[in-house]
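Here's the structure we're looking at; comments come further down.
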Amino acid sequence: MANRNSKNKKEPQTRHGYIDAVIGLQWGDEGKGKNIDQFLSSGEYSAVARFHGGANAGHTLKYQDKTFIGHMVPSGCFRKGIDLYIGNGVVVDAISLATEIAQLNKFGFDVKKRLYISERAKLVSYMHPVLDKADEARRDNSKSGLKIGTTARGIGPVYSDARARRGLLVGDVLLPDFAKKESDLTKFHMNMLKMYESKYGFKVDLAKIKDSRAKWLKAVRELTKLKICNLSALVQKKLSEGENILAEGAQAVMLDIDFGDYPNVTSSNTLPANIPLGLGVSHQYLRNIYGVLKAYTTKVGGGSFPSRIKEENLEKLFQKAGQEFGATTGRPRMCGWLDLFALRYAITLSGANRIFINKADICISEKIKVVTGYKKGKKILKEFPLYLSEVTDVVTEDLPGWGSSNYGVNDKKKVSKELVSYLKYIKSKLADLNVKIISVGTGPDRKHSFNWDK
Ligand code: IMP
């Protein structure tokens, strides 16, 4: 990895800095926060930038004996020299943001000084979570539709408002007509709620909405005290001065609005192609895409999950051993075998050239399976299907498991032979994609990992 201050003459000298990205290659919850934290210790990056999503994301970060679950504040909050950017592609939940800033303050980290928010980011209002729940109730009641199983953070409604050009921007909170804009939008939202009430039987709790409004207005006042700026210009300036930025992906490729299993996706583009747009810079700054996966697969929410472990007890054991409960909602995550067919799709779309495999210490059964293909009836699919519900079965291969023998291993030489063959197997299956397995995680701590490919 090239250090931005490197004096090594052999390295190509660039006049400007670059953006590397860390993104999820499965259905989210791959443990990206831990990898980002490891990356930041290299001193290569001056800032971490969120470019999409909102408080639906949840990353669990450990600092000494403290655990912090971040939704809005970018990973990197525990690294004092690192600036934290929230780009225009993000939807800002003012309540979450204020809560996290206060919590980090208690831990001795005053992130306000190094947190910069794009004035063009979209503002989540107190009505968006209500509309999110109302639409989920509509899906649940309708004959054809099924719930998406959203995080209920208002993500779909706030991105819908942004696309329909009636939403609020973070920069609006500093303008004199904010109250008018907010009241116009709320009137529109109340009409929508009336429709959900009359047509779909959704129960509107006005007292609760009033209470949420008061909390939200307080958080918006806190927001006005933060560094709301032209983040695109700031990022461009930093890059032109030779600084490097790490873009932090939320969710993962399989939840991308365009290329995930629509409609069981989130409402933003999670793919790195969205980084230039979500930060306001040219795509020419993009360099390495680091993709993160787990040694197995998990998914929360609705929709098909082809590699899901069929034996209920075994799935529960994976859930327990891997602590597979949502950081945002606490929901148990479905557990599945490593899905190489989906992974290949995700790597191809994202251009990930270096991968991290997390939770390789979690392996419950003596024999494990790997999904290598999808079937539709008797046909083996050559391409990723439009809808995952078309998949009737999967093609699998069996490999030996390794139990808990690799927990905490941080030396390549001490890795069990079964895990070595698993990693070699993955590498051989992805050989044509030219990816490197950079590091393998064997536990929650920073030191619980070993390097694999040079
Ligand atoms: P939304 O983003 O809250 O609208 O949820 C849409 C879908 O994305 C649901 O299936 C959620 O469970 C899923 N989702 C959203 N954020 C995350 C995440 O951070 N990890 C895993 N799944 C997520």
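Counting starts at 1 for both ligands and their atoms, in listed order.
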- Note on the structure: The protein heavy atom nearest to atom 19 (O) of ligand 1 is Asn56 O, 3.3 Å
- Query: Should the proximity of Val265 to ligand 1, defined as any heavy atom under 4.0 Å, be assigned to the side chain, the backbone, both, or neither?
  - Reply: backbone
- Message: Under the salt bridge (Lys or Arg N to Asp or Glu O under 4.0 Å) definition, can you give me all pairs with a residue in residues 121-133, not counting sequence neighbours?
- Response: none
- Item | Sequence neighbours excluded - ring-ring contact (aromatic ring centres under 6.0 Å, His included) pairs with any residue from residues 302-324 | Trp27-Phe305, Tyr296-Phe318, Phe318-Trp337
- Pair Lys316 + Glu312: basic N to acidic O under 4.0 Å: yes
- Message: Check Asp110 with Lys112, please: is the shortest side-chain N to carboxylate O separation under 4.0 Å?
- Response: no
- Lys/Arg N to Asp/Glu carboxylate O, Arg166 vs Asp161, below 4.0 Å: yes
- Message: Check for me whether the distance between the ring centres of His448 and Tyr407 falls short of 6.0 Å.
- Response: yes
- Query: Nearest protein heavy-atom contact for atom 20 (N) of ligand 1: which residue, which atom, what distance?
  - Reply: Asp29 OD1, 3.2 Å
- Is ligand 1 less than 4.0 angstrom away from at least one heavy atom of Gln251? yes
- Message: Can you tell whether the side chains of Lys294 and Asp361 come within less than 4.0 Å, N to carboxylate O?
- Response: no
- ligand 1 versus Leu255: contacting region, heavy-atom distance under 4.0 Å: side chain
- Message: How far is atom 3 (O) of ligand 1 from the closest protein heavy atom, and which atom is that?
- Response: Thr151 OG1, 2.6 Å
- Any idea which part of Arg331 is under 4.0 Å from ligand 1, heavy-atom wise: side chain, backbone, both or neither? side chain
- Query: What's the shortest heavy-atom distance between Val22 and Lys32, and which atoms?
  - Reply: CG1-CB, 4.2 Å
- Note on the structure: The atoms of ligand 1 lying under 4.0 Å from a heavy atom of Thr266, numbered in the order shown, are 1 (P), 2 (O), 6 (C)
- Near Trp27, which atoms of ligand 1 are under 4.0 Å from a heavy atom of that residue? 21 (C), 22 (N)
- Task: Note the single closest protein heavy atom to atom 9 (C) of ligand 1, along with its residue, its atom name and the distance in Å.
- Result: Gly149 O, 3.3 Å
- Message: Under a 4.0 Å threshold between the charged nitrogen and the carboxylate oxygen, would Arg138 count as salt-bridged to Asp135?
- Response: yes
- Query: Where is the nearest protein heavy atom to atom 5 (O) of ligand 1: which residue, which atom, and how far?
  - Reply: Thr150 CA, 3.4 Å
- In terms of atom number and element, which parts of ligand 1 are under 4.0 angstrom from non-hydrogen atoms of Ala57? 19 (O)
- Does ligand 1 have an atom under 4.0 Å from some heavy atom of Val300? yes
